[in-house]
Each structure stands twice: as structure tokens, then as C-alpha cells.
There are 2 protein chains.
Amino acid sequence: MTLSEKVMRGDLMSAACPSREVLKHVTSRWGVLVLLALETGTHRFSQLRRKIGGVSERMLAQTLQWLESDGLVLRTAHDVVPPHVDYCLTPLGVEAASRVRLLADWIETSLPEIAANRAYRRPD
Amino acid sequence: MTLSEKVMRGDLMSAACPSREVLKHVTSRWGVLVLLALETGTHRFSQLRRKIGGVSERMLAQTLQWLESDGLVLRTAHDVVPPHVDYCLTPLGVEAASRVRLLADWIETSLPEIAANRAYRRPD
DNA sequence: TTTCATACTTACATTAATGTGCGTACTTCT
DNA sequence: AGAAGTACGCACATTAATGTAAGTATGAAA
């Protein structure tokens, strides 16, 4: 890595680094789940809404806006009524989602062990 | 994957699944950064505080409690005054941190492109 | 006719996360 | 003597995230 590349790289440990904002979007409560859902293919808004348990239209819309703004999600609106909007991952989004998927898979498969740890250490 | 293994696996898309709680801890604003910091080795509380820009003692303490409770972090308190407490990753925590590291590295290296996307799409 | 689906936005309310200040007891340094 | 360091907890305040309800215009289905 050359010096100029070092300068261009974000530093999540630094509070002032813009990468914090990206981290926030990608790891937000709904951001993770949106990326995971879209990893399996293009979805409409209401498909995402139904697929991701517990998300409101409000939070889904906001999350999709963030991800679209970051360039991770592509929004395609058809010129029809009622509205018809498709969401899919951009190539950059595919990169993000693949890494989020690794983490998600780990959480899902490690859940029993973590649940056991919780029961053992702190009965709260 | 056998049926019993399927039953034991978490499902992040389901709002009621306990894996959501794990996800929350691991991907929380400070959880990610604590895991990244500890990936490099054992730290004391104040070391973590200084290393992770912007975190308060309050949030750091809470985050460490979560991660300890989940079994990802090991807290070792020495019987001295002033207090001396060491934090390090458990084997399970190492697994989590390695996946978080992949995501973090991607965010840090993709930052310039994402910043450009932001400037281009939504000047907000 | 009414209801449903579509993909959001807006306004206000509620809940959650975080900030801030103070405190603890002891040792070491200024 | 006072300040600093240590690792938190507690109480209250502030900010952020989320929930809830209502709205939009059109076509299709009940």
C-alpha cells in the first residue's frame, strides 16, 4: 500500500472519519437485513417489507434511501400507477452484502452457543 | 444440514428470533469497534476508551457487558486498587471479530468510492 | 361501491441510545 | 494538598431512532 492509498483509506477508529457514516448505514438495525435480502435478488418495496420481519415502511424507506445514496443499492422506478419500484444491489453493494452475509451466517449458526453463554453468565 | 441442525439455526429475518439480539450487540455502534480493537490483542478499559474515538465510558462499559454476556469477550479483573481489568476475545469472539474485520476493511477501502457516490447522487 | 395493493411522505408520539456529571477508594505524582 | 489514573455505577438530561396514523392516485378485485 502506497502512502497515497493510505491517506485515502478510511479509519473507523477515528470518530471524525466519514467511514463511520458508512458503517452506520451498513450495520444499522435494518441496513444489514436489507442487504441480506437483496443479496438473493431484486425485490420490490413490499417484498422487502414482508421478508424482513418487524421493519416498518418508514424505516425501510429510510434505510433504502441511505443505501441508495451510498451507491450500494439501485432503485428502479417504473412509470406506472400504482407505483412499481425495484431494488437491487449494485456491484459495490454485492461486495458489502457478501461480507455482511459472512457475519450473518456466523451469528445464525453460533446462536445456540451464544444463547448458552447468556444463560450461564448472566440470567438477565 | 440435518433437520435438527436447521431447527437450531437462527433466522435473522424473523423479528422474534433471538439472533436479532446477537446481531444488535455485534453490529451496534460501539460493538463493531470494540471487536475490531480487541482483535489486535488484550486491552484494558482505558486503552479501549482511547483507541475508539468518540466512545464514552458509559457506552464502552455497556458494550463490553453485552459482549461478555454473549461469550465473545473475556473480562479478567485483578484484585488490586486502583482497578485493573483486562479484556480479550474468547475463541467465539475471535470468530466474530474475523468476520467483522472483513466488513470493516471493505468499508475503509471502499470509502472513497462511496463518498463519490454520495456527492453524485444526493448532495445532502 | 368498497377494499386492496403500490411506495412512499409527513406529522406527531413513544421508546431507545447516548451524553453529562458525580461518585467510589487507593496509589502515585506534582 | 491537589491532580491524575483506574473501571466502572448511578441519576438525570438530551438526542436519535423508531412507531403510528394519515395521506397520495390509480387500477384491479371483491
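Atom pair B:L60:CG and C:dT20:P shows a separation of 16 Å (rounding to whole Å applied). Rounded to an integer number of Å, the gap from CD of B:Q65 to C1' of D:dG9 is 9 Å. The separation between B:Q62 atom CD and C:dA17 atom P is 7 Å, rounded to whole Å. Atom NE2 of A:H78 and atom P of C:dA7 are 10 Å apart (whole Å). Rounded to whole Å, atom P of D:dT18 lies 11 Å from atom CG of A:L33. Taking atom CD on A:E57 and atom P on C:dT6, their separation rounds to 10 Å, with Å as the unit. One can place CD1 of B:I52 at 13 Å from P of D:dA7, the figure rounded to the nearest angstrom. Atom CE of A:M59 and atom P of C:dT14 are 18 Å apart (whole Å).
When distances run from any side-chain atom of B:R75 to the nucleotides D:dA7, C:dG19, C:dT9, the shortest one goes to D:dA7. The side chain of B:P82 sits closest to D:dT6 out of D:dT6, C:dA25, D:dG19. Candidate nucleotides C:dC12, D:dA7, D:dC12 were compared by shortest atom distance to the side chain of B:R58, and D:dC12 ranks first. Distance from the side chain of A:P83 is smallest for C:dA7 among the nucleotides C:dG19, C:dA7, C:dA25. Counting only heavy atoms from C-beta on, B:W30 has its side chain closest to C:dT18 among C:dC26, C:dT18, C:dA7.
A heavy-atom distance below 4.5 Å is found between the side chains of A:D105 and B:R9. Using a 4.5 Å heavy-atom threshold, the side chains of B:L60 and B:W30 count as separate. Within the 4.5 Å cutoff, the side chain of B:L89 has no heavy atoms near those of the B:L74 side chain.
An OP1 or OP2 oxygen of C:dA5 is reached within less than 4.0 angstrom by no side-chain nitrogen or oxygen of A:S46. Between A:K24 and the phosphate of D:dA17, there is a side-chain N or O to OP1/OP2 separation shorter than 4.0 Å. Distances shown here put a side-chain N or O of B:S56 below 4.0 Å from the OP1 or OP2 atom of C:dG19.
Across all strands shown, B:R29 has heavy atoms under 4.0 Å from sugar-phosphate atoms exclusively, and none from any base.
A donor-acceptor distance shorter than 3.5 angstrom exists from the side chain of B:D11 to the backbone of B:M13, with no hydrogens or angles considered. Side chain of B:R20 to main chain of B:A16: no donor-acceptor pair is present (N/O by atom type, distance under 3.5 Å, no hydrogens or angles).
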